[in-house]
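Reviewing the structure listed below.
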There are 2 protein chains.
Amino acid sequence: MDTFSDNRLTDAQNELYEWIKDYMKNFQHSPSIRQMMYAMRLKSPAPIQSRLKHLQDKGYIKWQEGKARTLQIIEKISDVIPILGSVAAGGLIETYSDVQENLDISDVLKQKDVFALTVNGDSMIDACIADGDMVLMAPITNPYSIRNGTIVSALVPGLGTTLKYYVKRGHKIFLEAANPNYDPIELNPAEVVFQGKLLAVWRKV
Amino acid sequence: MDTFSDNRLTDAQNELYEWIKDYMKNFQHSPSIRQMMYAMRLKSPAPIQSRLKHLQDKGYIKWQEGKARTLQIIEKISDVIPILGSVAAGGLIETYSDVQENLDISDVLKQKDVFALTVNGDSMIDACIADGDMVLMAPITNPYSIRNGTIVSALVPGLGTTLKYYVKRGHKIFLEAANPNYDPIELNPAEVVFQGKLLAVWRKV
DNA sequence: TGTATTAGAAAACATATGTTTTAATGGATA
DNA sequence: TATCCATTAAAACATATGTTTTCTAATACA
C-alpha cells in the first residue's frame, strides 16, 4: 500500500487547494466558501465543503468550525523552510531525520526599510562575505548607536560607499576590512555617513 | 510640519496593530472584530472599529467593508527587497542612489521541497560557508545529474551527513572540503546517498 | 440495463460578525 | 465648575457566511 495515495488529491481538490493558496497569498486572509464556490464555477456551497473536508482529512488545510474565513494552510508558508538538521562541515555527524524547526527569514525581511546591496570585491572575505553576495541591511538612524565590530555600509562623501567593520577609537572612526590586504580607513565622524548595518547575507549559487 | 506625525500611532492603536500582526502570523487569517475586542479587554466593538479606521487612515491596514475577517496588513510583503546598489568590499566606489532592482529570494524558496540545514564546522570556509550558516538545499533525485564542483549534502550510511564539493573521477566519488585542513573523502557510488545540492546560503547576524 | 455511489443544485437555516445607534463615562480645556 | 470631545458600553440591526437538508443529475459498477 502506497502511503502517499492517502494524501493524493483529486483534480478538483487540487484546483481548489491551489486557488486557496493563491488567494491567501494575495489577500493575507482566508476566502469564504461562497468565494470558492464562484471561483470553482459552482452554484452551491456543498461541493466546496466536501472538498474542504477532504483537504482537511489529507492534512492540507484546517479551519475553525463555524467561523467565517478561518482557513489555514498546513505547510511551509512562503518564507518558512523546514530545517532538517545539521550537516557537518568538518567531520561527519549523524544523519538528519525529520523537521527540527523552521527557517524563518521573515523576521529579517519584515523589518522596516530593509534594503539590499550587492557586494563588490573581497575585502570582507574573512567575514565570509564574498564578491557577488547580497547583503541585507537595516538603515542606521542613529550613528551613535553603532557598536564596535558591527559590519556597516558607509558613505564617505566624494569617495563612495563601502562595506566594512565599524570601529570607533577615541574620536576617530576606523572602517576595517576583513582581509589583511586592505588597510583600515581612518575618518573623522563628520566625514562619513552610515547607511546601514548588516542583518543577513544571501548568496544564491 | 512633521511628515511622520500623520502616521504615528497612539498606544491603543499600536497595541491593536501589533496584536493583529501577531494573530495573522500565527493563524494565516484575519481576526474578527469581536476577537480583537476581547484581546484588547473591551466590552464593545465600537472602540475597535474606531481604532481600525485610524489604522486604515494611517495606511497600516485595509479590509473589505462588510466582509468578515478580511483584514490585510499593508506593508512590503514577503520576499522582495529593494537593491539600492553595490558596495565596495575592496576600494571605494560611487554611492548608490535609488532602487536598481529587487532582490527576490522567492525563486529559491518556492522551489519544490527546498529544505535547510544548519552548518556545523569550518570545512567549507573557503567557499564562504561558515559555521552556523543556513544552507538551502534542493533535493537530489538523480545522483547522475550532479556536476563536478557542486556543493552537496551527502549521507554516508553509518557515518553521517556532510556538506562538501562533489567530484567524480572515474568510478570514484570524492567529497572535498573547501578547507585544506580536511582530506577528501573517497567513496564508491554505492556507499553514499546524496540528499541535496546547494541553492543558497543564508546568514543572519 | 439497473443499482449504488458520488457530485452538484437549490433552498432554507443558524449564527458569526460587521455596522449603527444611543447613552454613559472620563479626561481635557477654558 | 462647565463645556466639549473622545472613549466605551450596551443594545439592536443587517448580512455575510458556515451548515444542513432535500432533491436531481451524473458516474461507476455489476
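Keep in mind it's a predicted model, so treat the numbers as computed, not measured. In what follows, chains are A, B, ... by sequence order, proteins preceding strands, each numbered from 1.
As a whole-Å value, the separation of B:L16 CG from D:dT7 P is 13 Å. The distance from atom CG of B:D11 to atom C1' of D:dA6 is 15 Å, rounded to the nearest whole Å. Here D:dG18 presents its P atom at 12 Å from NZ of A:K53, a figure rounded to the nearest Å. For the pair A:R41 CZ and C:dA9 C1', the computed distance is 16 Å after rounding to whole Å. Atom NE2 of A:H29 and atom P of C:dG18 are 12 Å apart (whole Å). Rounding to whole angstrom units, CD of residue A:Q49 and P of C:dA11 are separated by 17 Å. What separates CG of B:L52 from C1' of D:dT7 is a distance of 15 Å, to the nearest Å. As rounded to whole Å, 10 Å separates atom P of D:dT20 from atom CD1 of A:I33.
In this structure, the side-chain hydrogen bond (donor to acceptor under 3.5 Å, both in side chains) partners of A:Q35, at least two apart in sequence or on a different chain, are A:Y23, A:R69. Listed by chain and residue number, B:N188 satisfy the side-chain hydrogen bond (donor to acceptor under 3.5 Å, both in side chains) test with B:K172 (two or more places apart in sequence, or in another chain). The side-chain contact (heavy atoms from CB on, under 4.5 Å) check on B:K43 picks up nothing, with sequence neighbours excluded. B:N26 meets the side-chain contact (heavy atoms from CB on, under 4.5 Å) test with B:D22; sequence neighbours excluded.
Place B:T70 and B:S44 on DNA chain D by their nearest nucleotides, and B:S44 ends up nearer the 5' end. Comparing A:K43 and B:W63 by the nucleotide of DNA chain C whose heavy atom lies nearest to each, the residue mapping closer to the 5' end is A:K43.
Partner B:Y60 forms a side-chain contact (heavy atoms from CB on, under 4.5 Å) with one of B:L16, B:N14, B:L55 and no other, that one being B:L55.
The two residues A:A39 and A:W19 come nearest to each other via the heavy atoms CB-CE2, 3.3 Å.
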Protein and nucleotides 11-16 of chain D: nitrogen or oxygen contacts under 3.5 angstrom:
none

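Annotation: salt bridge (Lys or Arg N to Asp or Glu O under 4.0 Å) contacts involving residues 9-19 of chain A, sequence neighbours excluded, comprise A:E15-A:R41, A:E18-A:K21. Residue pairs satisfying the side-chain hydrogen bond (donor to acceptor under 3.5 Å, both in side chains) criterion with at least one member in residues 128-150 of chain B, sequence neighbours excluded, are listed as follows: B:D133-B:R203.
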Got a list of side-chain donor-acceptor pairs under 3.5 Å for residues 45-54 of chain A, not counting sequence neighbours?
{"residue": "A:H54", "atom": "ND1", "partner": "A:Q13", "partner atom": "NE2", "Å": "3.3"}
{"residue": "A:H54", "atom": "ND1", "partner": "A:S50", "partner atom": "O", "Å": "3.1"}

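The side chain of A:E65 has D:dT19 as its nearest neighbour among D:dT19, C:dG8, C:dT19. Checked against D:dA10, D:dG18, D:dT21, the side chain of A:A46 finds its nearest nucleotide in D:dT21.
Between the axis at the start and the axis at the end of the helix from C:dT1-D:dA30 to C:dA30-D:dT1 there is an angle of 30°, using five pairs per end and rounding to 10 degrees.
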